[in-house]
Amino acid sequence: MGNLKFVKSSIGYCIYLDDNLFNDCETKFETIMAVMELFSFEKMSVKSEQYADDSERFFGDIIKNIDCKTNILIQRHSFFKKTCNKVEILFNGGELNKFIEVAVKQDVTFEADCYDKNDICMQLLINSNDGSCIHFNDKKFDISKIREQIKEILKMNF
């Protein structure tokens, strides 16, 4: 089984959740969401940027099933490849669990910034090459309290 790591980051601290911590997709989603609940993300606004061609199924599921606004940031055309769109997705934090669930189930990398009154509270990286990370602002959240609560969550889920 992998380790839980807390690392100092640019906005405060990073919780590194190694993929080896999880037995399966369902355990991973449940654990990430239990950790996310510690941060009251429902009250935040969220911004994510996705390449629509890299994860078409993910992007399609998001647009169909989640209340969000989208803006095309970059549109590239290539002779050999179809059009590639980098799309900005803006949504309420209450929808974040749906994004994470789709990303975990489809094994798609999902990045997002979460804001509270224009101050960054969290940065998420779900399904990177070797795990998931939750960066959080330690001026808004108590690191020692978060650390203990996450250890309890991991004990309950394994």
Query raised in the report: Between Ile15 and Phe6, is any pair of side-chain heavy atoms under 4.5 Å apart?
Result: yes
Requested in this report: Decide side-chain contact (heavy atoms from CB on, under 4.5 Å) for Cys114 and Ile120; before the verdict, give the C-alpha distance in whole Å, the side-chain angles of both, and the deciding distance to 0.1 Å.
Outcome: CA-CA 6 Å; Cys114 303; Ile120 192 150; over 6 Å; no
**Report entry** Close side-chain approach of Leu17 and Cys133, heavy atoms under 4.5 Å
**Finding:** no
Requested in this report: Please tell me if the side chains of Tyr115 and Val46 come closer than 4.5 Å, counting only heavy atoms from C-beta onward.
Outcome: no
Query - Min side-chain heavy-atom separation His135-Met122 under 4.5 Å - result: no
Requested in this report: Kindly state whether the ring of Phe99 and the ring of Phe91 have centres lying under 6.0 angstrom apart.
Outcome: yes
Query - Pair Asn127-Lys28, side-chain donor/acceptor within less than 3.5 Å - result: yes
Query raised in the report: Any side-chain heavy atom of Phe141 sitting closer than 4.5 Å to one from Leu38?
Result: no
Requested in this report: Decide yes or no for Lys140 and Asp119: does some side-chain heavy atom of the first lie under 4.5 Å from some side-chain heavy atom of the second?
Outcome: yes
Query raised in the report: Considering the options Ile134, Asp113, Asn137, which one meets the side-chain contact (heavy atoms from CB on, under 4.5 Å) requirement together with Gln123?
Result: Asp113
Query raised in the report: Salt-bridged, Lys8 to Asp138, with N to O below 4.0 Å?
Result: yes
Query raised in the report: How many angstroms lie between CD in Glu111 and OG in Ser128, if you round to the nearest 0.5 Å?
Result: 8.5 Å
Report task. May I ask you to test the Met36-Leu124 pair for a side-chain heavy-atom distance under 4.5 Å? Result -> yes
**Report entry** salt_bridge(Lys98, Glu95) N-O dist < 4.0 Å
**Finding:** yes
